[in-house]
Amino acid sequence: LVLIPKNRHEAVSKALSNSNAPVLALGANFSMSVDSHLVAMQTDEGVYQTQAINIQHKERLVTGASFVVFNGALKSTANLTAKSSIVEDGIMVQLLPDHMAELRKRLEDVQDMDIGCGPVGADQPDEV
């Protein structure tokens with residue numbers, strides 16, 4: 001779930017106009033309302049690993065991220081409606097090109113949009 005406050009519409013509009021049509025990257029802020037955050041930690045070998053740091057003794061239910069990237073280059077041959085993945089301390093959501101166009105329109109119009117990730121034709125998406 002990606003929540004974008006309505007009072008940030010001007011910033012979202014700017015990101016939409018400054019980005020290429022197939023890719024939209026949005027930065028995020030630290031959120032006090034989540035119980036964990038994604039962090040990228042460098043190992044002794046210089047490789048980055050993603051970890052979720054959570055509040056001690058609390059179950060991890062809602063995880064914050066530093067950014068989200070929407071990529072509209074998912075091929076229909078992948079047989080997926082969309083695909084999400086963790087990238088360092090953020091999230092990337094790969095969409096079919098027509099879904100990316102719809103997302104851009106809905107963001108500009110300040111409308112909600114559900115993006116179901118998983119196999120095409122599945123009864124329920126793996127993730128929303």
Side-chain angles (χ1 to χ4, degrees):
L1 177 64
V2 177
L3 299 174
I4 302 171
K6 291 184 190 285
N7 67 357
R8 302 302 299 161
H9 181 256
E10 186 176 323
V12 171
S13 291
K14 184 176 179 181
L16 287 166
S17 65
N18 291 335
S19 65
N20 295 328
V23 178
L24 175 64
L26 301 171
N29 292 326
F30 180 81
S31 174
M32 296 295 289
S33 64
V34 300
D35 51 39
S36 61
H37 274 273
L38 295 177
V39 294
M41 300 183 68
Q42 189 173 17
T43 65
D44 293 338
E45 294 80 31
V47 177
Y48 284 93
Q49 290 182 318
T50 301
Q51 294 184 3
I53 305 295
N54 60 304
I55 298 170
Q56 192 172 14
H57 306 298
K58 281 200 147 189
E59 181 181 3
R60 190 174 344 141
L61 300 173
V62 180
T63 303
S66 297
F67 64 88
V68 62
V69 174
F70 296 99
N71 180 341
L74 184 65
K75 305 281 187 225
S76 59
T77 55
N79 283 331
L80 296 171
T81 56
K83 179 182 176 185
S84 67
S85 51
I86 296 172
V87 179
E88 294 180 0
D89 57 346
I91 302 291
M92 180 170 63
V93 181
Q94 297 177 37
L95 307 166
L96 297 167
D98 56 334
H99 290 160
M100 184 66 186
E102 182 181 355
L103 173 65
R104 294 178 73 87
K105 172 92 172 90
R106 286 184 178 236
L107 286 170
E108 187 61 47
D109 294 342
V110 193
Q111 294 179 341
D112 293 341
M113 179 174 173
D114 288 336
I115 300 171
C117 297
V120 171
D123 291 338
Q124 295 286 332
D126 294 339
E127 302 172 336
V128 178

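Just the heavy atoms: all of them, side chains too, but no hydrogens, waters or symmetry mates, feed the values below.
Taking every heavy atom of both residues into account, Val69 and Ala25 meet most closely at CG2-CB, 4.0 Å. Between Leu107 and Ile4, the shortest heavy-atom contact is CD2-CD1, 3.7 Å. A pairwise comparison of heavy atoms in Ala28 and Ala65 identifies CB-O, 3.2 Å as the closest pair. Among all heavy-atom pairs drawn from Leu74 and Ala78, the shortest one is CD1-CB, 4.0 Å. Residues Asp35 and Glu59 come closest through the heavy atom pair OD2-O, 3.4 Å.
Cluster annotation: Val34 and Leu61 are assigned to the same hydrophobic cluster (Ile/Leu/Val/Met/Phe/Trp/Tyr, side-chain heavy-atom contacts under 4.5 Å, transitive). Linking ILVMFWY side-chain heavy atoms closer than 4.5 Å, directly or via other members, places Leu16 and Ile115 in a single hydrophobic cluster. Note: the hydrophobic cluster containing Met92 also contains Val23 (ILVMFWY, side chain heavy atoms under 4.5 Å, direct or indirect links). One hydrophobic cluster, built from ILVMFWY side chains closer than 4.5 Å, holds both Val68 and Ile86.
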Intermediate values then yes/no, side chain to side chain contact (heavy atoms under 4.5 Å, CB included), Asn71 and Leu95: CA-CA 6 Å; Asn71 180 341; Leu95 307 166; over 6 Å; no
Candidate pair His37 and Ile53, rule side chain to side chain contact (heavy atoms under 4.5 Å, CB included), full reasoning: CA-CA 5 Å; His37 274 273; Ile53 305 295; 5.5 Å; no
Report the C-alpha distance between Gln49 and Thr43 in whole Å, list the side-chain angles of each, state the deciding distance to 0.1 Å, and finish with yes or no for side chain to side chain contact (heavy atoms under 4.5 Å, CB included). CA-CA 7 Å; Gln49 290 182 318; Thr43 65; 3.5 Å; yes
Side chain to side chain contact (heavy atoms under 4.5 Å, CB included) between Leu24 and Met100: does it pass, once the steps are laid out? CA-CA 9 Å; Leu24 175 64; Met100 184 66 186; 3.7 Å; yes
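The environment of Asp109 atom CG is dense: over 12 non-hydrogen atoms of other residues, nucleotides or ligands sit within 6.0 angstrom. Atom CD of Gln111 has more than 12 neighbouring heavy atoms from other residues, nucleotides or ligands inside a 6.0 Å radius. The number of heavy atoms from other shown groups lying within 6.0 Å of CE (Met113) is above 12. The local environment of CD in Gln42 is crowded, with over 12 non-hydrogen atoms from other residues, nucleotides or ligands closer than 6.0 Å. The local environment of CG in Asp98 is crowded, with over 12 non-hydrogen atoms from other residues, nucleotides or ligands closer than 6.0 Å.
To the nearest 0.5 Å, atom CD of residue Gln94 and atom OG of residue Ser85 are 5.5 Å apart.
Considering Leu26, Asp89, Leu38 in turn, Asp89 is the only one that fulfils the side-chain contact (heavy atoms from CB on, under 4.5 Å) rule with Phe67.
Ser84 places no side-chain N or O within donor-acceptor distance of the main-chain N or O of Val93, the cut-off being under 3.5 Å. Listed for the Ser36 side chain is no donor-acceptor partner under 3.5 Å among the backbone atoms of Ala52. The backbone N or O of Pro119 lies less than 3.5 Å from no partner atom in the side chain of Asn79, so there is not a single donor-acceptor pair.
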